[in-house]
There are 2 protein chains.
Amino acid sequence: MLLVDDDPTVAEVASSYLRAGGFVVEEAGDGFAALQAAERFAPDLIVLDRMLPGIDGLEVFRRLRERMSTPVILLTALGSEDERIAGLEAGADDYLAKPFSPRELVLRVQSVLRRSIGEFTPESVLEYGEFRLDPSARIAARAGVELSLTVREFDLFEFLLKHPNQVFSREDLLRTVWGWTYGDLSTVTVHVRRLREKIERDPRSPTMLTTVWGVGYRFTMDGVPNAVV
Amino acid sequence: MLLVDDDPTVAEVASSYLRAGGFVVEEAGDGFAALQAAERFAPDLIVLDRMLPGIDGLEVFRRLRERMSTPVILLTALGSEDERIAGLEAGADDYLAKPFSPRELVLRVQSVLRRSIGEFTPESVLEYGEFRLDPSARIAARAGVELSLTVREFDLFEFLLKHPNQVFSREDLLRTVWGWTYGDLSTVTVHVRRLREKIERDPRSPTMLTTVWGVGYRFTMDGVPNAVV
DNA sequence: GGCATCCGTTCGCGTTCCGTAAGACTTGCC
DNA sequence: GGCAAGTCTTACGGAACGCGAACGGATGCC
């Protein structure tokens, strides 16, 4: 994947998120470098800022288009609806308005790639202990009984199920699940509490989604062989 | 493959994509040239713009059909919904609304070719729970009783039946069922409502075509084994 | 031409969910 | 025990969301 943005801060944050999402990321700081890199690396996807020094982003986009059919996600400073439409009309595969949440970017990237590979191939179902979680159906169940989780709760639970027996600080969760680089940490606290209310047998004394004092939270299942202990 | 479009920019972008996809592309700029080229090259597929100088695209299509059974993908102008219907009724193999993403075009071309090479058998009848849906006859029925669905409702229902137990955002549906890259999402909302009115026993509290808050819609049948629960 | 159908859009209303703040409680440390 | 920092609990306002109803326009049919 190729990431083109002239702002080093944006580029750094975005690429670190994308790498955390399992992508190999090349970077370019201007239009010329972008074209060269696209030629040399033949990336499977390009994230392109529309405002670039030197050659304009849209112009870069057109030149790319002449040579390859690589999917392109456009980034733009002001998120007016017209620009979005103009971008899509020009043939971009998706569009993201700055400032964007890094998580949003990762989601879009995944979505575009999924689209270009094969439409709607369902994600595999997560099974852990008595829990079953189907990401494509967005259904979570304990012992065959469906849990009605909200969007945030589901995302949080999904993340924890994918990384059991591991401690995450509130900041970690805010970054990965919420996609925020800053924000009120109590947001996490409250959502953890709400999630406990729905998945724990006795929410007052949680056994699975436990607090690691001074550090954060950890999801462990009793009865399930622990990776560490 | 033969590409017929009077707009040089569109033709250039599209054909470069198709060539990148491994296709051999001939081009024609108007109806006469199209008919001549079709005769001479005997392409295995034709991409045909509906709006052409001289002879109208649909007319070209009819004349083509008189002589050969080559698959045809129609390109229609934005928003002209009934053009699309007319096109499909006339026997086009697929349609694509302008402005389209070139990638989308390549995907459709591949899909149509796969279909036409693979088998001539009409699409198989979908059966799911008490529902029966015949895509080629465009007939949907619940428990043997025919449901009078409109074109949109049928398309939507067909897609949902083909992908049960999976959540789709309004955007997903707008892109796949409507073939739009952008547009008013409430269009989907309203059509889901109308479809519910016809397939749900109690449309006020739907049990099959359910809303997943903050995400989208999911079709699940009671009585049919669910993926998770 | 007149009628009916279908489609996309708009607006108001009720509901759900989220983030935050504030106070009570717990834990670790002295 | 007393203190401070960290965590839990509860409550609330606002925002986002989905729904229903209705409208205007386009099209096809008689």
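All heavy atoms count here, side chains included; hydrogens, waters and symmetry mates do not. Chain letters run A, B, ... following the sequence lines, proteins first and then strands; every chain starts at 1.
Comparing A:Arg193 and A:Val212 against DNA chain D, the residue whose closest nucleotide sits nearer the 5' end is A:Val212.
Here the P atom of nucleotide D:dC19 and the CG atom of B:Asp202 are 14 Å apart, to the nearest Å. Here the P atom of nucleotide D:dC19 and the CD atom of B:Glu200 are 12 Å apart, to the nearest Å. In this structure, the CG atom of A:Asp184 is 19 Å from the P atom of D:dC12, given to the nearest Å. In this structure, A:Glu171 places its CD atom 12 Å from P of D:dT7, rounding to the nearest Å. Rounded to a whole Å, the CZ atom of A:Phe168 is 20 Å from the C1' atom of D:dT7. Nucleotide C:dG14 holds its P atom 14 Å from the CZ atom of B:Arg204, rounded to whole Å. Residue B:Tyr182 contributes atom OH, which lies 15 Å from atom P of C:dG8 at whole-angstrom precision. Between A:Trp213 atom CH2 and C:dC25 atom P there is a gap of 16 Å when expressed in whole angstrom units.
Residues A:Val4 and A:Asp49 have side chains not in contact (no heavy-atom distance under 4.5 Å, counting atoms from C-beta outward). Two residues are said to be in side-chain contact when any heavy atoms from C-beta on lie closer than 4.5 Å; A:Val188 and A:Val192 meet this criterion. Looking at B:Tyr217 and B:Thr211, their side chains come closer than 4.5 Å, going by heavy atoms from C-beta outward.
Remark: A:Leu195 CG to A:Thr150 OG1 distance equals 8.5 Å, nearest 0.5 Å. Here the CZ-CZ distance, from A:Arg138 to B:Arg218, works out to 9.5 Å after rounding to the nearest 0.5 Å. From A:Ile46, atom CD1 reaches atom CE of A:Met1 across 10.0 Å, with rounding to the nearest 0.5 Å.
One donor-acceptor pair, N or O on each side, does fall under 3.5 Å between the base of C:dG8 and the side chain of B:Arg194.
Nearest nucleotide to the side chain of A:Thr211, out of D:dG20, D:dT9, D:dT7: D:dT7. Residue B:His191 places its side chain closer to C:dC7 than to any other of D:dC8, C:dC7, D:dG20. The side chain of A:Trp178 sits closest to C:dG19 out of D:dT10, C:dG8, C:dG19. Of the candidates C:dG8, C:dG19, D:dC8, the closest approach to any side-chain atom of A:Trp180 belongs to C:dG19.
Of all the residues in residues 151-160 of chain A, A:Val151, A:Arg152 reach under 4.0 Å from DNA chain C with at least one non-hydrogen atom.
A salt bridge is absent between B:Arg175 and B:Glu171; no separation between the charged side-chain nitrogens and carboxylate oxygens falls under 4.0 Å.
A ring-centre distance under 6.0 Å is found for A:Phe157 and A:Phe131.
Distances shorter than 4.0 Å separate none of the side-chain N or O atoms of A:Arg170 from OP1 or OP2 on D:dG6. Between A:Thr150 and C:dC18 there is a side-chain N or O to OP1 or OP2 distance below 4.0 Å. Listed pair B:Arg196 / D:dC19 meets the phosphate criterion, a side-chain N or O lying under 4.0 Å from OP1 or OP2. For B:Tyr217, no side-chain nitrogen or oxygen approaches OP1 or OP2 of D:dC17 to under 4.0 Å. A close approach under 4.0 Å does not occur between any side-chain nitrogen or oxygen of A:Thr187 and OP1 or OP2 of C:dC18.
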